[in-house]
Q: 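Have a look at the structure that comes next, please.
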Protein chains: 2
Amino acid sequence: MPGGIQLTRQREAVLMVLKEAEKHLTAQEVYDRVRQRLPGTAYGTVYNALAYLQSVGLVQAFNIGNGPALYDRRIDRHDHLRCLQCGEVIDYSLSGLDQVVERVARETGYQINRARLLFEGLCPKCQKSKEVRP
Amino acid sequence: MPGGIQLTRQREAVLMVLKEAEKHLTAQEVYDRVRQRLPGTAYGTVYNALAYLQSVGLVQAFNIGNGPALYDRRIDRHDHLRCLQCGEVIDYSLSGLDQVVERVARETGYQINRARLLFEGLCPKCQKSKEVRP
DNA sequence: CTTGATTTTGTATCAAGTCTAAATTCATAA
DNA sequence: TTATGAATTTAGACTTGATACAAAATCAAG
Ligand SMILES: [Mn+2]
Ligand SMILES: [Mn+2]
Ligand SMILES: [Zn+2]
Ligand SMILES: [Zn+2]
């Protein structure tokens, strides 16, 4: 059956780890968790699996600053906010992005396939702790 | 005079290289060009200079995918488009971003300091070369 | 000048990610 | 079932971008 998705035990473990993750994970974090359910899994295999799962659309990844890539439990198109104080990275879906993308395409001649939006600032919690010492 | 900007010869060279650059440069590219006008400059000094110049607002940098950071000749707020075919990265200023940022802040409670927007797709040239072999 | 702070240099080190060849697993079918 | 070849995993070396460090050089005050 050509075109099917090959889910080996290792790839499945990676997928499960991501599905059960409470946040965005680095490859290293995925590796650590995968080895809890599938000890002996090689570091490179996690990278291979993550690349494969991305290529078949089962996993999304993105980069922030010059840190390691973050792998996403979510698979739908969405954006991210990062707190510059505590480093928290949360999901956010900007509505009405289609019109924006269309405008960018019209004004630049580019055919836009993807938009990566990252908003940086202070999370509500860190805003409060700043109030104390302004 | 405290608060002034310290421009050493090395930092000045880095700044000049960026000002005269025809595109976004990696640290390695900055290093190569700096050494043409200031041979003997150390690799680390270029990194130090780039970090310092960023800290005083004379240089901007951003990251794309997991590649090296790109240093920008432009210093005003702007966005980027990348061609997934040829790798070209161009500048683009999305107008009306303020309202978007305001909406994000309102909906999430974050205080937004910065928005990094990256649009990915095909540049006009690469669209044409795709037409030939669809 | 003298002194202390800042910066640069040269080198070592680090982290994230990629590559490779051998071993293993897997799919297919004789 | 067993044979065969393709795909995947493993283990470890390697690459790249970036950072850390101590000694030397430069710079700014006094
Ligand atoms: Mn996400
Ligand atoms: Mn730019
Ligand atoms: Zn925070
Ligand atoms: Zn192109």
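Just so it is clear: chains get the letters A, B, ... in the order the sequence lines come, proteins before strands, and each one is counted from 1. None of the values given here were measured: they were computed from a predicted structure.
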Q: Quick one about Q36(B) and D32(B) (side-chain donor to acceptor, distance below 3.5 Å, no hydrogens or angles considered), yes or no?
A: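 Looking only at side-chain atoms, Q36(B) and D32(B) do not form any donor-acceptor pair under 3.5 Å.
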Q: Quick check on the 6.0 Å ring-centre criterion: do H80(B) and F62(B) meet it?
A: yes
Q: What integer distance in Å separates Q10(A):CD from dC26(C):C1'?
A: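 Result: 12 Å.
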Q: Whole-Å distance between dT8(C) P and Y31(B) OH?
A: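 For the pair Y31(B) OH and dT8(C) P, the rounded distance is 15 Å.
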Q: Mark yes or no: R11(B) above the aromatic ring of Y52(B), with NZ or CZ under 6.0 Å from the six-membered ring centre and no more than 45 degrees from the axis.
A: yes
Q: Does any part of the side chain of L58(A), heavy atoms only, come nearer than 4.5 Å to the side chain of I5(A), both counted from C-beta?
A: yes
Q: What N/O pairs connect the protein and nucleotides 15-22 of chain C at under 3.5 Å? Give each pair on its own line.
A:
from    : atom 1 : to     : atom 2 : distance (Å)
dG17(C) : OP1    : A69(A) : N      : 2.9
dG17(C) : OP2    : Y47(A) : OH     : 2.5
dG17(C) : O5'    : Y47(A) : OH     : 3.2

Q: Does the side chain of V89(A) reach to within under 4.5 Å of the side chain of L81(A), using non-hydrogen atoms?
A: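 They are not in side-chain contact.
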Q: Can you measure L50(B) atom CG to dG17(D) atom C1' for me and round it to whole angstrom units?
A: 13 Å
Q: What pairs of donor and acceptor atoms, side-chain ones from residues 96-109 of chain B against any protein atom, are under 3.5 angstrom apart with sequence neighbours left out?
A:
from    : atom 1 : to      : atom 2 : distance (Å)
R103(B) : NH2    : S95(A)  : O      : 2.7
R103(B) : NH2    : S95(A)  : OG     : 3.1
E107(B) : OE1    : Y92(A)  : OH     : 2.7
T108(B) : OG1    : V104(B) : O      : 2.8
T108(B) : OG1    : Y110(B) : N      : 3.2

Q: Under 3.5 Å, side chain of Q127(B) to main-chain N/O of L122(B), donor-acceptor pair present?
A: yes
Q: Can you measure I5(A) atom CD1 to dA7(D) atom C1' for me and round it to whole angstrom units?
A: 16 Å
Q: Between atom CZ in R9(B) and atom P in dT8(C), what is the gap in whole Å?
A: 10 Å
Q: Please confirm whether the shortest side-chain N or O distance from T8(A) to OP1 or OP2 of dT9(D) is below 4.0 Å.
A: yes
Q: Starting at CD of E12(A) and ending at P of dC26(C), how long is that distance when rounded to a whole Å?
A: 12 Å
Q: Y52(B) OH to dT7(C) C1': how many Å, rounded?
A: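 Rounding to the nearest Å, OH of Y52(B) and C1' of dT7(C) are 11 Å apart.
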Q: Is the shortest distance from a Lys or Arg side-chain nitrogen in R37(B) or E12(B) to a carboxylate oxygen in the other one below 4.0 Å?
A: no
Q: Pick base, sugar-phosphate or nothing for T45(B), based on heavy-atom distances below 4.0 Å to the nucleic acid.
A: base
Q: Rounded to the nearest Å, what distance is computed from the CG atom of residue L38(B) to the P atom of nucleotide dT26(D)?
A: 12 Å
Q: So for the helix from dC1(C)-dG30(D) to dA30(C)-dT1(D), with five pairs setting each end axis, what is the inter-axis angle to 10°?
A: 20°
Q: A side-chain contact here means heavy atoms from C-beta on lying under 4.5 Å apart; do H24(A) and D72(A) qualify?
A: yes
Q: Of the nucleotides dA27(C), dT9(D), dT7(C), which one has an atom closest to the side chain of Q6(B)?
A: dT7(C)
